[in-house]
Amino acid sequence: MDNKKRLAYAIIRFLHDQLRHGELSSDAQESLEVAIQCLETAFGVTVEDSDLALPQTLPEIFEAAAAGRVSLGHCGAVVLSPQRTPPSEEDSAEAERLKTEGNEQMKVENFEAAVHFYGKAIELNPANAVYFCNRAAAHSKLGNYAGAVQDCERAICIDPSYSKAYGRMGLALSSLNKHTEAVAYYRKALELDPDNETYKSNLKVAELRLREAPSPTGGVGSFDIAGLLNNPSFMSMASNLMNNPQVQQLMSGMISGGHNPLGTPGTNPSQNDLASLIQAGQQFAQQMQQQNPELIEQLRSQIRSRTPSASSDDPRE
C-alpha cells in the first residue's frame, strides 16, 4: 500500500480530530478545513478511507517516538522498546484505575470521557489489549467505527487469542457495511469462543446481509419488497383487503377529499380517515395472522435477524 497515502490519511484524520475536539477559533477551523480539502485533492484520500489507517494515530506515534518508550512490532502493534522495562507497578495500577474509570463512564453513557480514560490507560501500559478493546467499544458508541476498527486491530496484534476483539471488530465492520470482513472476524471470534450466542447471532446477520442485494433505498434492515409481492398468500390477502367495501369507501373518500366514512358528526374528517385507515390495517394484520401465521412469523424473524446485537458486549473487564 502507498505509504504516502497512509501518511496523508493520518494527517487528515488528525486535522479532523482537531476540528472536533481542538477548541479552535472559527478562523483556525476554517484554515484546517481548507488544509483538509487540499490534502484530500492532492493525494486522493478522504477520512472515510479507513483501510489506510495505521494501528496508531499520528499523535500516538509521535508521542511514542519522542518518549522512546515503544516501537511498532508485528501488524503495527505497540510493543515495549528493548531499552525500556515493562510498566512499573505504580503505572500498571494507575492504568487499571483509569480503565475502571473508563468503564464507569461507559455505564453512564459518557462515551467521550470513556475514550479519554482508556487512552490515558494505554499511555501508561500500551501492551494491554483490554484497554484498546474497551476503547473500541466506546468509539463504536460514538459512531466512530473507523476508530473502533483501528483499536481492535491493535488489541488483536497484542493478543491474537482475544475473542472479544474479533467480535467488536465484526460489529464495527458491519456498521461500515463491510460485511465480508465482518463475517471473517465473527467466525474467528466463534472459533475462540464457540458458545458465545451473540457472536452466533451477529454472524447470521452479517451472512444474511452479505447474501442480499442492496435495497432500493440503500437502508439497513429494509424488507425484501420484491419477494413479498411475489408471495401468493400475501397478495391474496392484500387483494381481499382492497375488495373490502369499507376500505373502498375509505379510499374513495380520501381521494375526493373530506369524506367522512364513519359519518361521525363534529369530528375532523381527516382524523376519521386516519382512524379508519388504522382500523383497516389492523384488520388486515389480524387476517394475515389467522390465515397465514407462518408468513407473519417469517416477517418477524426477518426484522429480528437484521439487527446486530451488542447485548453481551460488556467492556467492563
**Student:** Run the side chain to side chain contact (heavy atoms under 4.5 Å, CB included) test against A28 and tell me which residues pass, sequence neighbours left out.
**Tutor:** L24, S25

**Student:** Starting at CG of N125, measure out to CG of L98 and round the result to the nearest 0.5 Å.
**Tutor:** 11.0 Å

**Student:** I'd like to know whether V183 forms a side-chain contact (heavy atoms from CB on, under 4.5 Å) with R187, so could you lay out the CA-CA distance, the side-chain angles of the two residues, the decisive distance to 0.1 Å, and finally the verdict.
**Tutor:** CA-CA 6 Å; V183 165; R187 287 175 177 168; 3.4 Å; yes

**Student:** Show the nearest heavy-atom pair for residues M106 and F111, with the distance to one decimal.
**Tutor:** SD-CD2, 3.6 Å

**Student:** Going from OH on Y186 to NZ on K204, what distance comes out if it is rounded to the nearest 0.5 angstrom?
**Tutor:** 14.0 Å

**Student:** Applying salt bridge (charged side-chain N to carboxylate O under 4.0 Å, His left out), can you list everything that pairs with E197, at least two apart in sequence or on another chain?
**Tutor:** K200

**Student:** When rounded to the nearest 0.5 angstrom, what is the spacing between OH in Y9 and CD in E40?
**Tutor:** 11.0 Å

**Student:** After noting the C-alpha distance and the side-chain angles of N144 and V115, does the key distance pass the side-chain contact (heavy atoms from CB on, under 4.5 Å) rule?
**Tutor:** CA-CA 11 Å; N144 180 14; V115 167; over 6 Å; no

**Student:** Given side-chain contact (heavy atoms from CB on, under 4.5 Å), test Y199 with K164 step by step and report yes or no.
**Tutor:** CA-CA 9 Å; Y199 299 160; K164 186 170 284 189; 3.9 Å; yes

**Student:** Minimum heavy-atom separation for D159 to A129, with atom names?
**Tutor:** CB-CB, 3.9 Å

**Student:** What distance do L15 atom CG and L39 atom CG have between them, rounded to the nearest 0.5 Å?
**Tutor:** 6.5 Å

**Student:** Of the non-hydrogen atoms in G170 and A182, which two are nearest, and what is the gap between them?
**Tutor:** O-CB, 3.6 Å

**Student:** Closer than 3.5 angstrom, by distance alone: can the side chain of R168 be matched with the main-chain N or O of C133 as a donor-acceptor pair?
**Tutor:** yes

**Student:** Could you tell me the separation between the CZ atom of R6 and the CD1 atom of I11, rounded to the nearest 0.5 Å?
**Tutor:** 14.5 Å

**Student:** How many angstroms lie between atom NZ of K99 and atom OH of Y131, to the nearest 0.5 angstrom?
**Tutor:** 6.0 Å

**Student:** Output all residues satisfying salt bridge (charged side-chain N to carboxylate O under 4.0 Å, His left out) with E112, sequence neighbours left out; order by chain, then residue number.
**Tutor:** none

**Student:** Take N128 and E96, measure what side-chain contact (heavy atoms from CB on, under 4.5 Å) needs, and give me the verdict at the end.
**Tutor:** CA-CA 10 Å; N128 191 309; E96 280 295 301; 4.2 Å; yes

**Student:** Who passes salt bridge (charged side-chain N to carboxylate O under 4.0 Å, His left out) against K178, sequence neighbours left out?
**Tutor:** none

**Student:** Hydrophobic side-chain clustering at under 4.5 Å (ILVMFWY, transitive links): who's grouped with Y166? Put none if nobody.
**Tutor:** Y145, V149, I156, M169, L173, L176, Y185, L192

**Student:** Under the criterion side-chain hydrogen bond (donor to acceptor under 3.5 Å, both in side chains), I'd like the reasoning laid out for Q105 against E101: C-alpha separation, chi angles, the key distance, then a yes or no.
**Tutor:** CA-CA 6 Å; Q105 296 300 321; E101 182 60 34; 2.9 Å; yes

**Student:** Which pair of heavy atoms, one from P87 and one from D91, lies closest together, and at what distance?
**Tutor:** CB-CB, 4.2 Å

**Student:** Can you name the residues that form a side chain to side chain contact (heavy atoms under 4.5 Å, CB included) with H179, not counting sequence neighbours?
**Tutor:** S174, N177, R209, L210

**Student:** Give the minimum heavy-atom separation between A172 and S140, together with the two atoms involved.
**Tutor:** CB-OG, 4.3 Å

**Student:** Are R13 and H16 packed together at the side-chain level, in the sense that at least one heavy-atom pair is separated by less than 4.5 angstrom?
**Tutor:** no

**Student:** For Y162 versus V130, what's the shortest heavy-atom pair and its separation?
**Tutor:** OH-CG2, 3.6 Å

